[in-house]
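Structure first, commentary second.
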Amino acid sequence: MSISVEIGDLTQVEADAIVNAANSTLLGGGGVDGAIHAAAGPRLLEACRRLRNTTHRGGLDVGDAVATPAFDLPASWVIHTVGPNLHRGQDDPALLASCFARSLDVAAELDARSVAFPAVSAGAYGWPVPDVARIAVTTCRGWLAEHPDGSPQEVRFVVVDERIRDAFEDAIGMA
Ligand code: ADP
């Protein structure tokens with residue numbers, strides 16, 4: 001089992017699954033969500049629309065996760081999760097922890113061996129990077145410890161700059 005952090009572009013990552021910091025509409029947005037939709041091609045939006053017309057008519061709840069194929073991306077799957085939005089008063093760490101745990105649950109259902117996460121909620125949704133790093137690392141480490149057999153075995157955090165990388169390195173070192 002491994003947990004690591006690197007600077008990079010999630011849309012270029014060759015993991016079995018990448019996680020999208022989506023919004024509850026599942027119909028695309030800015031930040032990493034926009035980058036993933038742009039790189040995956042229009043079939044990703046079609047797949048998300050299908051979810052909205054079938055299993056997720058009311059959208060995706062904060063803290064929940066759901067998968068689609070990754071289409072034109074190097075990954076096989078995109079796992080969409082909705083982080084809590086601090087600007088809307090969503091300040092419960094359990095909601096953010098749930099994003100990581102539910103994403104790993106979905107990855108396990110897909111038998112995805114490696115999962116790459118962005119810093120969910122650390123962008124437009126306004127959570128402080130050190131809090132996101134600590135919650136992400138603690139939750140993923142706990143999940144992996146509870147699921148020693150099977151998939152996923154590898155968690156990668158793929159972040160945009162040194163500041164975020166350092167926060168995740170600190171969290172990995174402390175946890
Ligand atoms: P949220 O709305 O959950 O805060 P954002 O997409 O606004 O989501 O930001 C989450 C994090 O993802 C931010 O640190 C942002 O800089 C980062 N990010 C944006 N584009 C990419 C990308 N292509 N690869 C990895 N991380 C990205």
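Whatever order the structure lists ligands and atoms in, that order sets their numbers, starting from 1.
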Does this structure show an ion pair linking Arg134 with Asp170, if we count only N-O contacts that are shorter than 4.0 Å? no
Flag Val32 as yes when one of its N or O atoms lies below 3.5 Å from any N or O atom of ligand 1, and as no otherwise. yes
For Trp143 and Asp105, does a side-chain donor sit closer than 3.5 Å to a side-chain acceptor? yes
Give yes or no for whether the N/O distance cutoff of 3.5 Å, strictly under, is met between Ile164 and ligand 1. no
Does Arg57 use its side chain to pair, donor to acceptor, with the backbone of Asn53 at less than 3.5 Å? yes
Output yes when a side-chain donor or acceptor of Asp16 lies under 3.5 Å from a complementary backbone atom of Arg113, and no otherwise. yes
Check contact between Gly83 and ligand 1, using heavy atoms of the residue and a distance below 4.0 angstrom. no
For atom CD of Glu6, is the number of surrounding heavy atoms from other residues, nucleotides or ligands below 6.0 Å larger than 12? yes
May I ask you to check whether Thr11 has an N/O atom sitting below 3.5 Å from an N/O atom of ligand 1? no
Of the options Asn85, Asn23, Thr81, Val82, which is the one that meets Val62 in a side-chain contact (heavy atoms from CB on, under 4.5 Å)? Val82
Based purely on interatomic distance, does Leu10 place a nitrogen or oxygen under 3.5 Å from a nitrogen or oxygen of ligand 1? yes
Quick check on contacts: which atoms of ligand 1 are under 4.0 angstrom from a heavy atom of Ala21? 3 (O), 8 (O)
Does any N or O of ligand 1 fall below 3.5 Å from an N or O anywhere on Gly123, backbone included? yes
Counting only nitrogen or oxygen atoms and a 3.5 angstrom limit, does Asp9 reach ligand 1? yes
What's the shortest distance from atom 16 (O) of ligand 1 to any protein heavy atom, and which residue and atom give it? Val160 CG2, 3.3 Å
Atom 7 (O) of ligand 1: which protein heavy atom is closest, and how many Å away? Ala124 N, 2.8 Å
Check the angle between the aromatic planes of Phe157 and Phe100 and answer parallel, tilted or perpendicular using the 30° and 60° thresholds. perpendicular
